[in-house]
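When reading the values below, keep in mind they use all heavy atoms of this one structure, side chains included, and skip hydrogens, waters and symmetry mates. Just so it is clear, the model here is predicted, and its values are computed rather than measured.
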Amino acid sequence: MTLETETSMGADEVLRLAKLFFAERVPHHGAFLETEGPGFLSLRGQGGEEISLAASDREDGAHVRASSMFYGQAIARFFSTLPAASGGP
């Protein structure tokens, strides 16, 4: 499952919050940092399941894209914690 959103936050802040969210706020199925680089990170969780997340800065915030076979609902929950992009839904 691949999900995308736009937020008024910067890309670096989104990635920082993602690491915290998936380690602390996903009961019984936490996912923890495996690799990261400029604009992306990969988290590994239960049974080796992976979350790949990329964020790129835009003029008024960031575009965020995440994919996972197992963590789709948790990704949607994470996205719901991000402030909406200005001028967008």
Side-chain angles (χ1 to χ4, degrees):
M1 171 177 280
T2 300
L3 297 152
E4 296 183 67
T5 192
E6 300 281 332
T7 180
S8 61
M9 300 178 90
D12 290 341
E13 182 68 2
V14 171
L15 296 175
R16 185 188 72 77
L17 291 175
K19 289 186 275 188
L20 293 173
F21 181 89
F22 289 102
E24 298 173 358
R25 296 193 49 204
V26 183
H28 310 295
H29 303 292
F32 305 92
L33 183 65
E34 183 172 56
T35 58
E36 69 180 323
F40 79 93
L41 58 83
S42 174
L43 305 164
R44 186 76 56 186
Q46 175 181 333
E49 293 292 336
E50 182 178 38
I51 300 169
S52 297
L53 196 136
S56 55
D57 283 316
R58 300 289 168 98
E59 196 171 295
D60 59 349
H63 177 82
V64 186
R65 181 179 172 107
S67 65
S68 176
M69 294 290 288
F70 181 79
Y71 286 96
Q73 184 176 10
I75 292 169
R77 254 185 38 224
F78 171 65
F79 282 0
S80 76
T81 69
L82 301 175
S86 357

What distance separates [X] [atom1] from [Y] [atom2], expressed to the nearest 0.5 Å?
X: Ser67; Y: Glu4; atom1: OG; atom2: CD; answer: 10.0 Å
X: Ser42; Y: Arg44; atom1: OG; atom2: CZ; answer: 5.5 Å
X: Lys19; Y: Ile51; atom1: NZ; atom2: CD1; answer: 13.5 Å
X: Phe78; Y: Leu3; atom1: CZ; atom2: CG; answer: 12.0 Å
X: Ser68; Y: Ile75; atom1: OG; atom2: CD1; answer: 5.0 Å

Close side-chain approach of [X] and [Y], heavy atoms under 4.5 Å:
X: Phe21; Y: Arg77; value: yes
X: Glu49; Y: Met69; value: yes
X: Thr81; Y: Leu17; value: no

Geometric class of the Phe22/Tyr71 ring pair [parallel <30°, tilted 30-60°, perpendicular >60°]: perpendicular
Parallel, tilted or perpendicular: ring planes of His29 versus Phe70, cut at 30 and 60 degrees: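 Taking Phe70 first and then His29, their aromatic rings stand perpendicular (interplane angle over 60°).
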Taking every non-hydrogen atom, the tightest pair across Ala11 and Asp57: N-OD1, 2.8 Å
Over 12 foreign heavy atoms within 6.0 Å of CZ, Arg58: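 Yes - once you tally the heavy atoms of other residues, nucleotides and ligands closer than 6.0 Å, there are more than 12.
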